[in-house]
Amino acid sequence: MASGLTKGKMATVLSIDGGGIRGIIPGTLLGFLESRLQELDGANVRLADYFDVIAGTSTGGLVTTMITAPNKDNRPMNAARDINNFYLENCPKIFPQSRRNDFIAKVKSLFRPKYDGKYLRSLIEELLGNITINQTLTDVIIPTFDIKQLQPVIFSTHDGKENVLKNALLSDICLGTSAAPLFLPAHYFETKDGDGKTRSFDLIDGGVAANNPTLMAITHISKQILMGKFKFVDMKPMESSRMFVLSLGTGVPKLAEKYSAAKASKWGLLNWACENGSSPMVKIYSDASSDMVDIHVSTLFQSLHCKMNYLRIQKLVQIGNDLLKKPVSRVNLETGRFDEVLGEGTNEAALIRFAKLLSEEKKLRQAD
């Protein structure tokens, strides 16, 4: 590492899954974490001051943007405590309940998205204005999927600074990453460089590629290290013993038995697309994507004997402070289920410990 760069001990990562209106669950956890950091370091600190990379998919991408987009004073536009109020106020308007006959609504949903997305679009555009991704207050990563190119498109602050054609409006990125198939319309936009060259994007929900963006965030840091551009910590690629990673799911209870082979064996195209008001296909793909990432990351940290450096909070169903009282759980690499971990306390205690580690790392960097 070149001399003169800030040196700390640990790289810090925050990752937020997709999950629609369940974004209120990581919102509750982030509000608690930020309040603990403020108790340690003062009322003006924000989450963006502590994480080298914040990654978010779909609703997680919106949360990521809310806590990293700059206001007129070049501080985060929203405090973490604002997230839940945002969801509670706006979700009924983003996902309005149909007043029409249920059968008619179901038939219409076979031929167009369930929601028109107009309120979400106006809300996001008003909130973010002309802010582009290169302006975020820490490095963010937001995955989307381009249905024209049939490949993931990953937006990041770093790429936005390096490539004008990837420096998209945050509003466009948020609308793209949250365009869940069957529920919200795909989002199209273009970027243009100084020479008039354009690039077009035909985007849907990033959850089809990486509903859990934790591994994407870790590999992003490793890529920067290999390129000599990670300036915070002198470390090796994928050196998990030198990382603090907080990964927040959106409350999927793994003990709930959702579908059976006996029932699904009789399904056709329409049943896989829509069954009792939800989409089994979308849910299965997004859950599988999230769980596979958790298994990979858990294996990485456990194999290097640094499992305490990785905190994944996922097995939650309550909305409110009760979820903080649940015992810490960790994925069982054999069964895929989340098992309570003896001796590590509650999620609340784990977040308090995490806050202290983040505060210590921040002070260490400021002292250099």
Side-chain angles (χ1 to χ4, degrees), residues 1 4-16 23 26-56 60-86 127-128 131-142 155-158 160-161 170 213-214 217-218 220-221 224-225 229-235 242-248 309-311 313 348 350-368:
M1 178 176 287
L5 296 181
T6 301
K7 288 187 178 181
K9 288 184 177 180
M10 309 291 286
T12 54
V13 173
L14 170 62
S15 174
I16 310 164
T28 299
L29 297 168
L30 293 175
F32 177 80
L33 176 61
E34 190 171 83
S35 70
R36 300 300 301 190
L37 289 168
Q38 289 169 345
E39 290 178 13
L40 293 168
D41 297 332
N44 294 325
V45 300
R46 296 289 185 266
L47 292 173
D49 301 326
Y50 294 87
F51 289 99
D52 299 321
V53 176
I54 301 180
L62 179 56
V63 172
T64 294
T65 299
M66 290 175 66
I67 60 177
T68 61
N71 61 19
K72 59 183 177 59
D73 299 317
N74 206 37
R75 293 295 292 152
M77 186 176 291
N78 296 97
R81 65 176 178 271
D82 299 329
I83 296 170
N84 280 7
N85 287 336
F86 176 88
L127 179 70
L128 297 173
I131 301 173
T132 50
I133 194 168
N134 71 334
Q135 296 174 271
T136 58
L137 298 173
T138 192
D139 204 355
V140 305
I141 300 173
I142 301 177
F155 292 94
S156 72
T157 308
H158 178 267
K161 292 177 179 179
L170 278 172
T214 306
I218 292 173
H220 176 80
I221 289 178
Q224 285 191 308
I225 292 171
K229 295 182 178 180
F230 189 68
K231 63 182 180 179
F232 302 111
V233 181
D234 187 4
M235 58 187 290
R242 302 287 302 283
M243 291 184 184
F244 291 139
V245 178
L246 174 59
S247 176
L248 302 181
N309 289 10
Y310 171 58
L311 176 60
I313 303 180
E348 181 179 71
L351 286 172
I352 291 172
R353 178 182 66 86
F354 212 89
K356 291 179 180 177
L357 294 172
L358 290 171
S359 177
E360 290 168 1
E361 176 65 22
K362 183 171 181 285
K363 289 182 175 67
L364 178 64
R365 296 183 187 189
Q366 290 173 333
D368 284 341

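If you read the sequence from its start, that first residue is 1, and numbering goes on from there.
- Taking CD1 of I133 as the start and CG of D139 as the end, the distance is 8.5 Å to the nearest 0.5 Å.
- Using a 4.0 Å cut-off between charged side-chain N and carboxylate O, E361 and R365 make a salt bridge.
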Can L246 and L29 be said to form a side chain to side chain contact (heavy atoms under 4.5 Å, CB included), step by step?
-> CA-CA 11 Å; L246 174 59; L29 297 168; over 6 Å; no

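- In terms of heavy atoms, S156 sits closest to I141 at CB-CG1, 4.2 Å.
- Formation of a donor-acceptor pair under 3.5 Å by the Q135 side chain with backbone atoms of T132 is found in this model.
- In this structure, the separation between OG1 on T136 and CD1 on I131 is 10.0 Å, given to the nearest 0.5 Å.
- Scanning all heavy atoms of the two residues, the minimum distance from D52 to F230 falls at OD2-CZ, 3.7 Å.
- When each of L170, L128, L137 is paired with M77, the side chain to side chain contact (heavy atoms under 4.5 Å, CB included) condition holds for L128 and for no other.
- Put simply, the side chain of T157 does not reach to within 4.5 Å of the side chain of T138, judged on heavy atoms.
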Apply the test side chain to side chain contact (heavy atoms under 4.5 Å, CB included) to residues L30 and I16: give CA-CA distance (whole Å), side-chain angles for both, the deciding distance (0.1 Å), then the verdict.
-> CA-CA 10 Å; L30 293 175; I16 310 164; 3.9 Å; yes

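- Atom CZ in R81 sits 6.0 Å away from atom CD in Q38 (nearest 0.5 Å).
- The number of heavy atoms from other shown groups lying within 6.0 Å of CG (N44) does not exceed 12.
- The two residues R36 and A355 have their closest heavy-atom pair at CB-CB, 3.9 Å.
- Two residues are said to be in side-chain contact when any heavy atoms from C-beta on lie closer than 4.5 Å; F244 and L311 fail this criterion.
- Distance check: L351 CG to R353 CZ gives 9.5 Å after rounding to the nearest 0.5 Å.
- The distance from atom OG1 of T12 to atom CG of D49, rounded to the nearest 0.5 Å, is 11.0 Å.
- A heavy-atom distance below 4.5 Å is not found between the side chains of L37 and K362.
- Below 30°, between 30° and 60°, or above 60°: for F51 and F354 the angle between ring planes is below 30°, a parallel geometry.
- The side-chain hydrogen bond (donor to acceptor under 3.5 Å, both in side chains) contacts involving residues 61-72 comprise nothing, where partners must be two or more places apart or lie in separate chains.
- Side chains of L47 and P76 form no contact here, defined as non-hydrogen atoms less than 4.5 Å apart.
- Across every non-hydrogen atom of M10 and N309, the tightest pair is CE-ND2, 3.5 Å.
- I67 has its side chain within reach of L14: a pair of non-hydrogen atoms, C-beta onward, lies under 4.5 Å apart.
- Minimum interatomic distance between M243 and I221 (heavy atoms only, all atoms of both residues): CE-CG2, 4.3 Å.
- Side-chain contact check for Y50 versus D41: some heavy-atom pair is nearer than 4.5 Å.
- G8 and R242 get closest at one heavy-atom pair: O-NH2, 3.9 Å.
- Between L40 and L358 there is no side-chain heavy-atom pair separated by less than 4.5 Å.
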Verdict with supporting geometry, N84 and T28, side-chain hydrogen bond (donor to acceptor under 3.5 Å, both in side chains) | CA-CA 7 Å; N84 280 7; T28 299; 2.9 Å; yes

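- Within the model, atoms CG of D234 and NZ of K9 stand 14.0 Å from one another, a figure rounded to the nearest 0.5 Å.
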